[in-house]
Amino acid sequence: MKQQTLHEIFGNYIKQQSIFKNKDVLSHSYIPDITLHRDNQITQLASILSPALKGNKISNLFIYGKTGSGKTLVTKYVASELEKQSNKIKTFYLNCKMKRVADTEYRLIAELSRMLGCSIPPTGLPTDEIYRKFYEAIDLEEKNIILILDEIDALVKKIGDDVIYNLTRINQELKKAKISFIGISNDITFTETLDPRVRSSLSEEEILFPPYNATQLKDILTQRTKEAFAEGTLESTVIPKCAALAAQEHGDARKALDLLRLAAEIAEREGSTKICLDHVDKAEDKLDTDKTVELVKTQPKQSLAVLSATINLVERGQQNIQTGDIFEVYQEICKRGGLKILTQRRISDLISEFDMLGIINTRVISKGRYGRTREIRLPLSKPLIEKIKKVLAENYIL
DNA sequence: GTCAATTCACATGAAAGAGACCACGGTCTAGTG
DNA sequence: CTAGACCGTGGTCTCTTTCATGTGAATTGACGA
């Protein structure tokens, strides 16, 4: 019986004509031939990088703009075109936000060295040894190396700006090669937090990527849908809707593409041959939920206990939840679950981590005579909370 | 009524410890010719 | 003689604790009008 239905599902799937013509076009990593509405930035970037073609060192460059504004796309594109022009130019791209790649100074340098082709053990060597190997690897040939550090703000937040300072000074030690940096950040205020020395050497040039507006997003989506979908699968209102939703969120092209892809997937799963508004709504819902649930799943037990305490308090209907309240409930949860109880200091950090992840909202408030604390709110919808509770239950914390 | 001092309940920072992981070099051991 | 197992040393990484310092407005209490 069960096998019968499975058979049907697979059978139907094969029979069904796919909505997608080429799904990859909608993925983040896809680089289209023509990047729309970024001519200005491409020209700027190209003119800053072009001295490399004559073997000169280019200025270090700092690029900023919100997520999904095309920074990475444009930079990668221009870099690869540049590389094609001259074999003396090598560009490397590193996303600093990737876990286990740039968590520490050691790992960052080790990863960079690996890109340059030397093999570095994941741990066990002194850091200055790694630096030495890194220098050697760079200076092997007479090359102009351009290092693109994406999400550089995450890097600095984790390990401080010393590394950047060290990196920008490498050139003085190099005999043959030259190295330049392109830092990409979506935090516009980021450079202000840097050490002035680092700031001046890192951002000799700057390029700003403004967010896309709804019309521009529409163009981008239209461009991609031509390749991604078979003709006539889109209802005419779908693209404007996706564009509008993404434009609300600081013009995030990535989100627009995600929405469209997910809407199409949902439509396909429902057996529909057309993508309509309803699918977009569902996609938006799912996009938010999935992101949060996945995030929660990756959290360690202690953090889950803290989250559980928060949900517990919210469901009891308590107003103005404070760090102290959470700590009390958390202790109970630990006792029941046989978990080690961490100090309030640590819990305070865990709470602010959740805040950064956007799972909870916190605000530091001073209540005068009655102290200073964080006021914590849970901005999640009921169904989402239920899903999170399921995750907690799976981890035996509830 | 005004104004400075006090006070609370944490926030935030810095340093340091514990326990995990890993590389490396030296030593030991068993197997081979 | 040699390959592989094993061990000690020295390094990093992550999570955590401990200790110290900071913070901002409600409250308090002294003071003067």
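Chain A is the first sequence line, chain B the second, and so forth, proteins listed ahead of strands; every chain is numbered from 1.
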Partner set under ring-ring contact (aromatic ring centres under 6.0 Å, His included) for A:Phe229, not counting sequence neighbours: A:Phe20
Got a sec? Which of residues 368-377 of chain A come in under 4.0 Å of DNA chain C, heavy atoms? A:Gly368, A:Arg369, A:Tyr370, A:Gly371, A:Arg372
Considering only heavy atoms, which members of residues 346-357 of chain A lie under 4.0 Å from some atom of DNA chain B? A:Ser348
What is the distance, to the nearest angstrom, from the CD atom on A:Gln299 to the C1' atom on C:dC15? 14 Å
Among pairs that include at least one residue of residues 339-367 of chain A, which meet salt bridge (Lys or Arg N to Asp or Glu O under 4.0 Å), considering only residues two or more places apart or in two chains? A:Arg345-A:Asp349, A:Arg363-A:Glu375
Which residues pass the side chain to side chain contact (heavy atoms under 4.5 Å, CB included) test with A:Val314, sequence neighbours left out? A:Ile321, A:Leu378
Under the side chain to side chain contact (heavy atoms under 4.5 Å, CB included) test, residues paired with A:Thr43 that sit two or more places apart: none
Proximity to the side chain of A:Arg345 - top-ranked nucleotide from C:dT14, B:dC10, C:dT18: C:dT18
Can you measure A:Tyr106 atom OH to C:dG10 atom P for me and round it to whole angstrom units? 17 Å
Atom NZ of A:Lys133 to atom C1' of C:dT12: distance rounded to whole Å? 15 Å
Taking atom P of C:dC13 as reference, at what distance in whole Å does atom CG of A:Leu108 sit? 11 Å
Check every atom of C:dA25, B:dA11, C:dT12 against the side chain of A:Ser366 and return the nucleotide holding the closest atom. C:dA25
With A:Asp39 via salt bridge (charged side-chain N to carboxylate O under 4.0 Å, His left out) - residues at least two apart: none
Nearest-Å distance for atom pair CD1/P, residues A:Ile365 and B:dC8: 18 Å
Single hit among A:Glu268, A:Glu265, A:Glu227 for salt bridge (Lys or Arg N to Asp or Glu O under 4.0 Å) with A:Lys23: A:Glu265
Give the rounded distance in Å between these two atoms: CD of A:Gln344 and P of C:dT17. 12 Å
Check which hydrophobic residues are tied to A:Tyr77 through side-chain heavy-atom contacts below 4.5 Å, counting indirect links as well, and list them. A:Ile31, A:Ile42, A:Leu45, A:Ile48, A:Leu49, A:Leu53, A:Ile58, A:Leu61, A:Ile63, A:Leu73, A:Val74, A:Val78, A:Leu82, A:Ile89, A:Tyr93, A:Ile146, A:Ile148, A:Ile182, A:Ile184, A:Ile207, A:Phe209
Any residue meeting side chain to side chain contact (heavy atoms under 4.5 Å, CB included) with A:Ile145, in chain and number order, not counting sequence neighbours: A:Lys90, A:Phe92, A:Leu116, A:Ile138, A:Lys143, A:Ile179
Rounded to whole Å, please give me the gap between CD1 in A:Ile109 and C1' in C:dC13. 16 Å
Might you work through the side chain to side chain donor-acceptor pair (under 3.5 Å) test for A:Tyr370 and A:Gln322, ending with a clear yes or no? CA-CA 12 Å; A:Tyr370 305 106; A:Gln322 302 173 12; over 6 Å; no
Measuring to OP1 and OP2 of B:dA9, would you say a side-chain N or O of A:Gln322 lies under 4.0 angstrom away? no
N or O in side chain of A:Arg107 less than 4.0 angstrom from C:dT14 OP1/OP2: yes
Assert: residue with more 5' nearest nucleotide on DNA chain C, out of A:Lys367 and A:Thr343, is A:Thr343
